[in-house]
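Heads up, the thing below is written out as structure tokens.
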2 protein chains.
Amino acid sequence: MYDSNMSVTVALSKSPAELGTLATQFKALGDPTRLDLMMNVATSADSEACVCDLTPDTGLTQGTVSHHLRILVEAGLLNRDQRGKWSYYSLTDSAKNILSSLNLSISSNKTKSSSC
Amino acid sequence: MYDSNMSVTVALSKSPAELGTLATQFKALGDPTRLDLMMNVATSADSEACVCDLTPDTGLTQGTVSHHLRILVEAGLLNRDQRGKWSYYSLTDSAKNILSSLNLSISSNKTKSSSC
DNA sequence: TACTCAAATTGATACTTGTCAATGTATGAT
DNA sequence: ATCATACATTGACAAGTATCAATTTGAGTA
């Protein structure tokens with residue numbers, strides 16, 4: 001029997017909670033500076049970079065760059081690994097999935113060239 | 001000859017301009033309400049929905065929903081098709097690519113059930 | 001024409017955010 | 001112990017944003 005107003009269960013592939021974290025990640029990637037930082041990390045030698053390497057390209061102050069990196073970490077897009085005086089940032093698996101899904105994956109043969 | 005500071009050309013898969021529009025799209029998807037709207041459009045019968053159908057679920061006023069839809073249209077994520085008194089919104093190809101890449105594609109067997 | 005309905009727009013307001021300058025913190029070197 | 005370096009944090013401020021209430025626009029209808 002056909003009912004033009006019947007309600008239908010729709011199989012969403014993500015739960016509301018997952019959609020929430022996804023929105024947070026989109027929001028984090030929605031700032032041009034932060035998207036740029038992500039690309040710079042992705043193309044860095046050993047797939048990691050420290051703040052002093054990332055800062056110059058942005059044209060922003062070190063404090064502001066740290067601020068953006070923190071947002072990316074909190075969104076689950078970057079890992080922070082402090083070794084000695086430096087903080088090394090690298091892509092999380094989640095970030096790799098998103099970027100590679102969107103054909104943003106990058107292969108780099110950069111060699112290390114730190115400015116600090 | 002090895003030079004630890006040599007500069008290396010990196011093959012980025014997106015131009016700066018493309019990254020800019022991508023950031024705009026991420027920003028648009030970064031709002032929970034707008035991500036929800038996108039999912040609701042995606043799961044709508046005929047893959048399109050009008051404002052009066054989308055508004056109730058949001059708990060927001062009609063004007064605010066129109067505002068969010070405009071942002072999604074300007075980001076190139078939704079098409080607007082005005083037919084009669086109604087504006088029908090549907091996913092753009094760009095939006096389909098993004099959502100399906102992230103396993104957010106949805107198959108719906110909803111039947112039309114308009115509230116206006 | 002006058003009226004109704006769907007949607008867009010406007011103006012106002014509270015809240016969020018990106019940024020800098022300055023300061024704090026922790027690590028390693030002299 | 002003192003100092004320098006790398007990074008994080010704080011406070012302040014301008015700019016942007018989400019929201020609502022109210023109004024306007026535009027299309028169909030009586």
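Below, chains carry the letters A, B, ... as their sequence lines are ordered, and counting in each starts from 1. These values consider heavy atoms only, across backbone and side chains, with no hydrogens, waters or symmetry-generated copies.
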Among residues two or more places apart or on two chains, list those pairs meeting salt bridge (Lys or Arg N to Asp or Glu O under 4.0 Å) that have a residue in residues 75-86 of chain B.
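Output for this query lists B:Glu48-B:Arg83, B:Asp81-B:Arg83.
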
How would you list, by chain and number, every residue that makes a side chain to side chain contact (heavy atoms under 4.5 Å, CB included) with B:Asn79, sequence neighbours excluded?
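If we apply the side chain to side chain contact (heavy atoms under 4.5 Å, CB included) test to B:Asn79, skipping adjacent residues, the hits are B:Ser90, B:Thr92.
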
By side chain to side chain contact (heavy atoms under 4.5 Å, CB included) - contacts of B:Thr24 (at least two apart):
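B:Thr24 satisfies side chain to side chain contact (heavy atoms under 4.5 Å, CB included) with B:Ala75 only.
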
Using the side-chain contact (heavy atoms from CB on, under 4.5 Å) definition, which of the options A:Leu99, A:Ile98, A:Leu77 pairs with A:Leu91?
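Passing option: A:Leu99.
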
A:Gln62 and A:Ser66 side chains, donor-acceptor separation under 3.5 Å:
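Present: a donor and an acceptor within the cut-off.
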
Checking one residue: A:Ile71. Which other hydrophobic residues are in its cluster under the side-chain 4.5 Å linking rule?
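Members besides A:Ile71: none; it forms no cluster.
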
Should side-chain heavy atoms under 4.5 Å link Ile, Leu, Val, Met, Phe, Trp and Tyr, which residues sit in the same cluster as A:Tyr88?
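A:Tyr88 shares its hydrophobic cluster with A:Trp86.
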
Does any pair with a residue in residues 28-42 of chain B pass side-chain hydrogen bond (donor to acceptor under 3.5 Å, both in side chains), and if so which ones, sequence neighbours excluded?
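Found B:Arg34-B:His68.
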
With heavy atoms of chain A within less than 4.0 Å as the criterion, where does contact along DNA chain D begin and end?
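Reading along DNA chain D, I get D:dT5 to D:dT9.
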
Just jot down the side-chain hydrogen bond (donor to acceptor under 3.5 Å, both in side chains) partners of A:Ser47, sequence neighbours excluded, or say none.
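For A:Ser47 there are no side-chain hydrogen bond (donor to acceptor under 3.5 Å, both in side chains) partners, ignoring immediate neighbours.
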
Note down the inter-axis angle between the two ends of the helix from C:dT1-D:dA30 to C:dT30-D:dA1, five pairs each, to the nearest 10°.
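That helix gives 10° between its end axes.
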
Near DNA chain C, under 4.0 Å by heavy atom, which residues of residues 64-81 of chain B?
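Contacting residues: B:Ser66, B:Arg70, B:Arg80.
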
Interface residues of residues 24-33 of chain A with DNA chain C (non-hydrogen, below 4.0 angstrom):
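Of all residues in residues 24-33 of chain A, the ones placing a heavy atom under 4.0 Å from DNA chain C are A:Lys27, A:Asp31.
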
Can you measure from OG1 (B:Thr55) to CG (B:Leu60) and round to the nearest 0.5 angstrom?
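Here the rounded value is 8.5 Å.
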
What distance separates B:Glu74 CD from B:Gln25 CD, expressed to the nearest 0.5 Å?
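Here the rounded value is 13.0 Å.
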
N/O donor-acceptor pair under 3.5 Å between A:Thr43 side chain and A:Met39 backbone
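Indeed, once roles are kept as given, a pair shorter than 3.5 Å links the two residues.
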
Would a distance-only check, ignoring hydrogens and angles, find a side-chain to backbone donor-acceptor pair under 3.5 Å from A:Ser101 to A:Asn97?
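Yes; at least one donor-acceptor contact below 3.5 Å.
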
Minimum heavy-atom distance between B:Val41 and B:Tyr89, given as atom pair plus value
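Of all heavy-atom pairs spanning B:Val41 and B:Tyr89, the closest is CG1-O, 3.5 Å.
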
Do you know which two heavy atoms are closest between B:Leu19 and A:Leu35, and how far apart they sit?
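Looking at all heavy atoms of both residues, the shortest contact is O-CD2, 3.4 Å.
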
Summary of protein contacts for nucleotides 22-30 of chain C, nucleotide by nucleotide, where a base hit scores B, a sugar-phosphate-only hit scores S (4.0 Å, heavy atoms):
-----BS--

Assign A:Tyr89 to base, sugar-phosphate, or nothing according to its heavy-atom contacts below 4.0 angstrom with the strands shown.
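Counting heavy atoms under 4.0 Å across all strands, the contact made by A:Tyr89 is with sugar-phosphate only.
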
